[in-house]
Amino acid sequence: MGKRLTRGFFSRSVHEVAPDLIGAVLLVNGVGGRLVEVEAYHHTDPAAHSFIGPTERNAVMFGPPGYAYVYRSYGIHWCMNLVCEPAGSASAVLIRAIEPTEGLAVMRRRRGVADERLLCSGPGRVCEALGVTRAHNGLALTAPPFAIFARKGDEEVIAGPRIGITKAMEKPWRYGLKGSRFLSKPFAPGATIVGKMPSRAR
DNA sequence: TGCCCGATTAACT
DNA sequence: GTTAATCGGGCAA
């Protein structure tokens, strides 16, 4: 396990934090695994919830970095974001897929499926498997029940268009671990290789 | 107050 | 490939 990430890690542009999160380990009450797919949402980005300005739902995005922004999706699922940058900038990283490594039995029970590849491959599935709900909205990522650890070695990170949005679809702000079996969707062949990102903990 | 629609998923045909 | 499920946010009225 790499070094525990502290608030400083998130006090950077969402475009730096998002690729750096690939390969990091996210645990909620000890359950979780390696981040293999995330998306960046910048406050100047029409696809971001914060683009319209502060509201009750997106308030956490306008707060300090290093906190969880959890929202209800399609009235059914929860989706989890990690707030970045200095307070007020309202940018966040959406967790889209995890390679499950810790608490497999718990995740299988919560999800009602046995296949590892279906446990955390999608933002709604991640929250169901890790037990993340509205109760986690606004909680610090650097304290229980959360724990995040930097990746240890270099990882080959690729980028491509984000999924499921209807605005700013041209922005290549979806990041993934190249070749992972646990992505919610494969990246297009020839997707941009961001490069071997060094492990980094700040 | 009412209406439309979404950073989704699973179960259909 | 298509669609139902399900609900709260955001905006028009």
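No donor-acceptor pair under 3.5 Å is formed between the side chain of A/R4 and the backbone N or O of A/A147.
Not counting sequence neighbours, the partners of A/T44 by the side chain to side chain donor-acceptor pair (under 3.5 Å) test are A/H42. With sequence neighbours left out, the side chain to side chain contact (heavy atoms under 4.5 Å, CB included) criterion links A/L139 to A/H136, A/P145, A/F146. With sequence neighbours left out, A/S180 forms a side chain to side chain contact (heavy atoms under 4.5 Å, CB included) with A/V36, A/L177, A/F182, A/L183. Residues satisfying the side chain to side chain contact (heavy atoms under 4.5 Å, CB included) criterion with A/I76, sequence neighbours excluded, are absent altogether.
Here A/L27 is tied into one hydrophobic group with A/M1, A/V25, A/F149, each link being a pair of ILVMFWY side chains closer than 4.5 Å.
Applying the side-chain hydrogen bond (donor to acceptor under 3.5 Å, both in side chains) test to pairs two or more places apart or on separate chains, those with a residue in residues 65-79 of chain A are A/H49-A/Y69. Applying the salt bridge (charged side-chain N to carboxylate O under 4.0 Å, His left out) test to residues at least two apart or on different chains, the pairs with a partner in residues 85-97 of chain A are A/E37-A/R96, A/E39-A/R96.
Base pairing in DNA chain C yields stems of at least 3 consecutive Watson-Crick or G-U pairs, both distances under 3.5 Å, namely B:1-6 with C:7-12, B:8-12 with C:1-5.
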Any N/O pairs under 3.5 Å between the protein and nucleotides 6-13 of chain B? List them or say none.
from   : atom 1 : to     : atom 2 : distance (Å)
B/dA7  : OP1    : A/H49  : NE2    : 3.4
B/dA7  : O4'    : A/Y41  : OH     : 3.4
B/dA7  : N9     : A/Y71  : OH     : 3.4
B/dA7  : N7     : A/A47  : O      : 3.3
B/dA7  : N7     : A/H49  : NE2    : 3.0
B/dA7  : N6     : A/H49  : N      : 3.3
B/dA7  : N1     : A/N81  : OD1    : 2.5
B/dA7  : N1     : A/N81  : ND2    : 3.3
B/dA7  : N3     : A/Y71  : OH     : 3.2
B/dT8  : OP1    : A/R96  : NH1    : 3.3
B/dT8  : OP2    : A/G164 : O      : 3.1
B/dT8  : O4'    : A/S73  : OG     : 3.4
B/dT8  : O2     : A/H77  : ND1    : 3.3
B/dT9  : OP1    : A/P123 : N      : 3.1
B/dT9  : OP1    : A/G124 : N      : 2.8
B/dT9  : OP1    : A/R125 : N      : 3.3
B/dT9  : O4'    : A/H77  : NE2    : 3.2
B/dA10 : OP1    : A/R111 : NH1    : 3.1
B/dA10 : OP1    : A/R111 : NH2    : 3.0
B/dA10 : OP2    : A/R125 : NE     : 2.8
B/dA10 : OP2    : A/R125 : NH2    : 2.3

Report, one line per pair, each donor and acceptor closer than 3.5 Å where one atom sits in a side chain of residues 110-119 of chain A; sequence neighbours left out.
from   : atom 1 : to     : atom 2 : distance (Å)
A/R110 : NH1    : A/A129 : O      : 2.8
A/R110 : NH1    : A/L130 : O      : 3.4
A/R111 : NE     : A/L118 : O      : 3.2
A/R111 : NE     : A/L119 : O      : 3.1
A/R111 : NH1    : A/E128 : OE1    : 2.8
A/R111 : NH2    : A/L118 : O      : 2.7
A/D115 : OD1    : A/R117 : N      : 2.8
A/R117 : NE     : A/R181 : O      : 3.3

Give the table of side-chain donor-acceptor pairs shorter than 3.5 Å for residues 97-105 of chain A, with sequence neighbours excluded, one pair per line with atom names and distance.
from  : atom 1 : to    : atom 2 : distance (Å)
A/E99 : OE1    : A/R34 : NH1    : 3.0

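Taking a heavy-atom distance under 4.0 Å as the criterion, the stretch of DNA chain C touched by chain A extends 5' to 3' from C/dA5 to C/dG10.
Taking the P atoms as reference points, B/dC5 lies 16 Å from C/dT3, given to the whole Å.
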